[in-house]
Number of protein chains: 2
Amino acid sequence: MLELGSPNNKDQIPARMSDMATINSDQELTALLHERGQRVTPQRLVIHRVLRQRDRHLTAEEVHEAVKHDLPSTSTPTVYATLDLLADLGLIRRVDAGPGPALYDARTEPHHHTICRRCGQVEDLNTPVDFSALYGAARTAGFDPMQIDVVVSGLCANCSAERT
Amino acid sequence: MLELGSPNNKDQIPARMSDMATINSDQELTALLHERGQRVTPQRLVIHRVLRQRDRHLTAEEVHEAVKHDLPSTSTPTVYATLDLLADLGLIRRVDAGPGPALYDARTEPHHHTICRRCGQVEDLNTPVDFSALYGAARTAGFDPMQIDVVVSGLCANCSAERT
DNA sequence: CTGGATGCAAACTCTTTGCATGCAT
DNA sequence: ATGCATGCAAAGAGTTTGCATCCAG
C-alpha cells in the first residue's frame, strides 16, 4: 500500500502532445489504432463512439451503461482498459476533477473545466490561456510535458444562488 | 451509485479566495479556527503541523502515520475529516493529480504541479500564470471561482531518461 | 451541559488483478 | 498460429458512514 506512484505502469507509450487527435468516425479511429500498432476491436470502436456522441463528460460507469446498449457483454475491466488506452494514445482526455469518479471526454482540443464544490457539476471553459512560461519552466526542470489540465473549482450558478 | 456529484455536501462553507491564509504556527491556526467558528482540537493542530513541517505533498495515509507519532489514537476518519475541513477553510490545498490518493499541501500561495505519468511523482512549479481571462469567463458563466488548479502531466526527468 | 469532534468497525465506491477463453492480425 | 483483448469473479485501494463516547466552548 501507498506504493508511491504507479498510476500508469503499463508499457503503453503515452502520446506526445502533437499526437492529440480529434476523431470523428470509426474509420478514423480504425486508421489511428492501426498506425499505432493497436488492435481494432468492436469494444474500442463502440466506446469511442459513445464518447463522441455524448456532449457531456462521462464516468467509466456511464460509458459502460451506454456501451452495453450496443455490446451487452462488455465488461467493466474492458471499459477501464480501453479508456486508459485511448487516453494514453491522446484520443480522449481523462479529467480528474476532485473526488468521485474520473471523467472522460472526446474533446481533445485544449479547454479547461469548472467544478462545483457543492454539487460536483463539471463544465467546459474554452478561454485560451498562455501556458508557454509554464511549459518552459517544466522543461527547464527536465520534465517532458504532455498535457496540461486546469480545473477552476468554486460554486456553480445554481449552488451559488441557493447559498443566498 | 453514480449519484452524480456529491463531492462535498457537508454544510461547511468553503473559503473565499481571499480567505486563503498561510499559517505558520499553532497559535495562528488556533486564532483562525476560532475566527471561523471552528473548534480547536489537538488533532487539528497536529495534522496542520505535520503538513507545515514536511516539505512534500502528503497523502492522507502519510499524514495519519506522522500524526500517530504525536497522537497515537488518531483515527483515519478524523484525518480525512480534518483535511477536508482545513481545505474547505482555505488553510491547506488538496491536490488531485490523477489516479491514486489525493495529496495535501500546506502551501496555499498559488503554485502549480507536475505529475509524471509513469512514476506518479508530483513536483511544484512556481511560474506565475495569468488566469484573469479564465476567471472572467467563469464569472460570466455565473460560476463563482474559489481556486484554480493546474496539473502538467508528462514524464519526469528520470522516467524520460529511462525511456531512451 | 450540549453539540460538534473523535474513535472504531464496517461499508462503500471506484478501479485493478488473475486467469481462462476468444478473436484480430 | 500467436498473443493481445476480453469477460468473469474477486480483490484491492482510498474514502466515508453509523453510532457511541468524549471534550471544547
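All values derive from a computational prediction rather than experimental measurement. Order of the sequence lines fixes the chain letters, A, B, ..., with proteins taken first and strands second; residue numbering starts at 1 for each chain.
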Among residues at least two apart in sequence or on other chains, which ones pass side-chain contact (heavy atoms from CB on, under 4.5 Å) with Asn24(A)? Thr22(A), Glu28(A)
Inspect the contact between Arg93(A) and Asp149(A) and indicate whether a charged nitrogen and a carboxylate oxygen are less than 4.0 angstrom apart. yes
Going hydrophobic residue to hydrophobic residue with side-chain gaps under 4.5 angstrom, can you get from Val79(B) over to Val40(B)? yes
Note the angle between the end axes of the helix from dC1(C)-dG25(D) to dT25(C)-dA1(D), five pairs defining each, rounded to 10 degrees. 50°
How close do Leu83(A) and Ile47(A) get, counting heavy atoms only, and between which atoms? CD2-CG2, 3.9 Å
Rounded to the nearest Å, what distance is computed from the CG atom of residue Asp84(B) to the C1' atom of nucleotide dA5(C)? 14 Å
Between dT16(D) (P) and Glu61(B) (CD): distance, integer Å: 15 Å
Using a cut-off of strictly less than 4.0 Å between a heavy atom of the residue and any atom of DNA chain C, enumerate the qualifying residues of residues 64-76 of chain A by number. none
Using atom CD of Gln43(B) as one end and atom P of dA5(C) as the other, report the distance to the nearest whole Å. 11 Å
Show the nearest heavy-atom pair for residues Cys116(A) and Cys159(A), with the distance to one decimal. SG-SG, 3.7 Å
Reckon Tyr80(A) has a side-chain N or O less than 4.0 Å from the OP1 or OP2 of dT16(C)? no
Identify, with sequence neighbours excluded, every residue that meets salt bridge (Lys or Arg N to Asp or Glu O under 4.0 Å) alongside Arg44(B). none
Please round to the nearest 0.5 Å and tell me the distance separating atom CG of Asp144(A) and atom CG of Leu155(B). 5.5 Å
Whole-Å distance, Leu103(A) CG to dC14(C) P, equals 11 Å
Would you mind reading off the distance between Tyr104(A) atom OH and dC14(C) atom P, rounded to a whole angstrom? 12 Å
Looking at Leu103(B), Val151(B), Val152(B), Val95(B), which hits side-chain contact (heavy atoms from CB on, under 4.5 Å) with Ile115(B)? Val151(B)
Residue pairs, two or more places apart or on separate chains, that pass ring pair (Phe, Tyr, Trp, His ring centres under 6.0 Å) and touch residues 84-120 of chain A: His57(A)-His113(A), His111(A)-His113(A), His112(A)-Phe131(A)
To the nearest Å, give me how far apart CG (Leu29(A)) and C1' (dA24(C)) are. 15 Å
Residue from Arg54(B), Lys68(B), Arg56(B) passing salt bridge (Lys or Arg N to Asp or Glu O under 4.0 Å) with Glu62(B): Arg56(B)
Assess whether side-chain contact (heavy atoms from CB on, under 4.5 Å) is satisfied between Thr108(B) and Leu91(B), documenting all intermediate values. CA-CA 7 Å; Thr108(B) 53; Leu91(B) 308 182; 5.7 Å; no
In whole angstrom, give the distance that lies between atom CG of Asp96(A) and atom P of dG14(D). 14 Å
Protein-nucleic acid N or O pairs under 3.5 Å, nucleotides 21-25 of chain D:
unit_1  : atom_1 : unit_2   : atom_2 : d
dA24(D) : O3'    : Val40(B) : O      : 3.4
dG25(D) : OP1    : His34(B) : NE2    : 2.8
dG25(D) : OP1    : Val40(B) : N      : 3.3

May I have the distance from Ile47(B) (atom CD1) to dA5(C) (atom P), rounded to whole angstrom? 13 Å
Identify which nucleotide among dT6(D), dG14(D), dC8(C) has an atom closest to any side-chain atom of Pro77(B), counting heavy atoms from C-beta outward. dC8(C)
